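Here's the structure, in structure tokens; my notes come after.
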2 protein chains.
Amino acid sequence: MTAPDTSCSPADNPRLGLRERKKIKTREAIRSATYALVEEQGYDATTIEQIAERAEVSPSTVFRYFPTKEDIVLTDEYDPLIMEELRARPADEPWPDSLRYVMHRAVQLGMKEPLRVSRLRTRLMVEVPAVRSRMMESMSATGRMLCQAIGERTGRDPQSLEVRVYAMSLVGGLMETSMYWAEHAHEGDFDALLDRTLDVIGYGLPPENH
Amino acid sequence: MTAPDTSCSPADNPRLGLRERKKIKTREAIRSATYALVEEQGYDATTIEQIAERAEVSPSTVFRYFPTKEDIVLTDEYDPLIMEELRARPADEPWPDSLRYVMHRAVQLGMKEPLRVSRLRTRLMVEVPAVRSRMMESMSATGRMLCQAIGERTGRDPQSLEVRVYAMSLVGGLMETSMYWAEHAHEGDFDALLDRTLDVIGYGLPPENH
DNA sequence: CTAGATTTTGAGAGTTACTTTCATTTCATG
DNA sequence: CATGAAATGAAAGTAACTCTCAAAATCTAG
């Protein structure tokens, strides 16, 4: 590895061994190499070999870090975070309120990374079927986690059809919201969209909106 | 093509030219070859080459008929049928009633093919991520179509966030219902599950179900 | 029925994502 | 420093898909 390993970010967790730190670095190198290349040439035109080359690792290493090409551009899930926040809500808070709070919080956290990246990601979701697919896959995992949470909160069987349907319809609605946002050039406030989404899911289609 | 072209099903639309008839036959040959092989060896172990061989066509031909391997095991959509049925409902019928009626009808029509096949399909949906993914993709197309229908029925903007979210949450819920059914060994009445699903989506999670 | 236009097919070579294996290097630890 | 464990790279392999082009099957006029 001939890369100058000069830049070790200021407050980079110094507790970790050199090995762990290098792994994190490699992961980030692959990610940012991918983002750059995709912005330059588009997703399909970008091959793993190019990514490997720019990240200064071998193609095999790329696959060791990410099981598929799509996974490189997708975030590491917020799922655990959501669960945590959800469990932290007061037990007597009505479920819809908890849900709304936590979803807004998730968006907040999601905005931590550079805007460029989250926009690229949602754009790819809309434009590249493979990425969208992978995203949907991961949302079905989110659905299962939500079932769990709902079970804990409401004392219901998380495996029941009702809970599962509710969770998946929620997840489907949220996915659509992201796509809507991306398709409308990311204009406006995502939080506002989120509220409208949760209203539809909670109360059904409003009688008229025009 | 050395296959004995003896069996031209009884009432096989005789209006079509020989060319069209052959195309339909080839399509079906590829499909049933795939079903058979997948039942014998599993989905991943079944290659396009094997499928081509058993269907007595070349691999190139397989790809001419189906863009991806997953598409071979997935049904040709009911989407147009659903739209048609939906448009045929009386204009003054409340939307939830129309929806419920049409969904039951779609299930009815979907059961036309041999049980073996529809079970295999749902099983693959649960077990093979690629198939599930592809299915979700196609359901997002269904979602767009539903938006259209809802627009026609309710006079709403089919592009609005509200309609889109509603449609996708519906579609997500229905997908989960299929998976639930498959995971429970296809036992019981799908119609009953469908009713429970539509209740959840229409009225929210019932207060208690135990 | 034949000749020519059109469509469908098959053969083959090429691309690329992903897998697997194994030898080499890099880090951790006593 | 030495020894073991983990990370890496090189290389060969698989299989889904794409493209191109020539041969074969079907359709249509005359």
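Atoms considered below: every heavy atom in the structure, side chains included; atoms not considered: hydrogens, waters and symmetry mates. Just so you know, these numbers come straight off a predicted model, no measurement behind them. In what follows, every chain begins at residue 1, and chains take the letters A, B, ... in the order their sequences are listed.
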Separation of atom CD in Gln50(B) from atom P in dC17(D), rounded to whole Å: 15 Å

Rounded to whole angstrom units, what separation is found between the OH atom of Tyr43(A) and the P atom of dT16(C)? 14 Å

Residues in ring pair (Phe, Tyr, Trp, His ring centres under 6.0 Å) contact with Tyr180(A), at least two apart in sequence or another chain: His184(A)

Between CD1 of Ile48(A) and P of dT19(C) the distance, given in whole Å, is 11 Å

From CD of Glu70(B) over to P of dC17(D), roughly how many Å is that when rounded to an integer? 6 Å

Just compare dT8(C), dA16(D), dC18(C) and give me whichever is closest to any side-chain atom of Tyr65(B). dT8(C)

Check this for me: Glu49(B), atom CD, are more than 12 non-hydrogen atoms of other residues, nucleotides or ligands nearer than 6.0 Å? no

Closest of dC18(C), dA11(C), dT8(C) to the Thr68(A) side chain is dC18(C)

Between the side chains of Arg87(A) and Glu152(A), is the shortest nitrogen-to-carboxylate-oxygen separation below 4.0 Å, so that they form an ion pair? yes

Roughly how many Å is it from NZ in Lys69(B) to P in dT18(D), rounded to a whole number? 15 Å

Please determine if a side-chain N or O atom of Thr61(B) lies less than 4.0 Å away from the OP1 or OP2 oxygen of dG10(C). yes

Check salt bridge (charged side-chain N to carboxylate O under 4.0 Å, His left out) between Glu28(B) and all other residues, then give those that pass, not counting sequence neighbours. none

Nearest-neighbour nucleotide for the Thr47(A) side chain, dA15(D), dT18(D), dA17(C) considered: dA17(C)

Send over the distance from Glu49(A) CD to dA10(D) P, rounded to a whole Å. 11 Å

Have a look at Phe66(A) and say if it touches a base, only the backbone sugar-phosphate, or nothing, with a 4.0 Å heavy-atom cut-off. nothing

Which heavy-atom pair separates Leu109(B) from Glu85(B) by the least distance, and what is that distance? CD1-OE2, 4.4 Å

Euclidean distance, atom NZ of residue Lys22(A) to atom P of dA28(C) [Å, nearest integer]: 9 Å

For Ile51(A) and dT16(C), what is the distance between atoms CD1 and C1' respectively, to the nearest whole Å? 12 Å

With nearest nucleotide decided by heavy atoms, which residue, Ser60(B) or Arg19(B), maps closer to the 5′ end of DNA chain C? Arg19(B)

Judged by nearest nucleotide, the residue sitting upstream toward the 5' end of DNA chain D, Leu18(B) or Arg64(B), is Arg64(B)

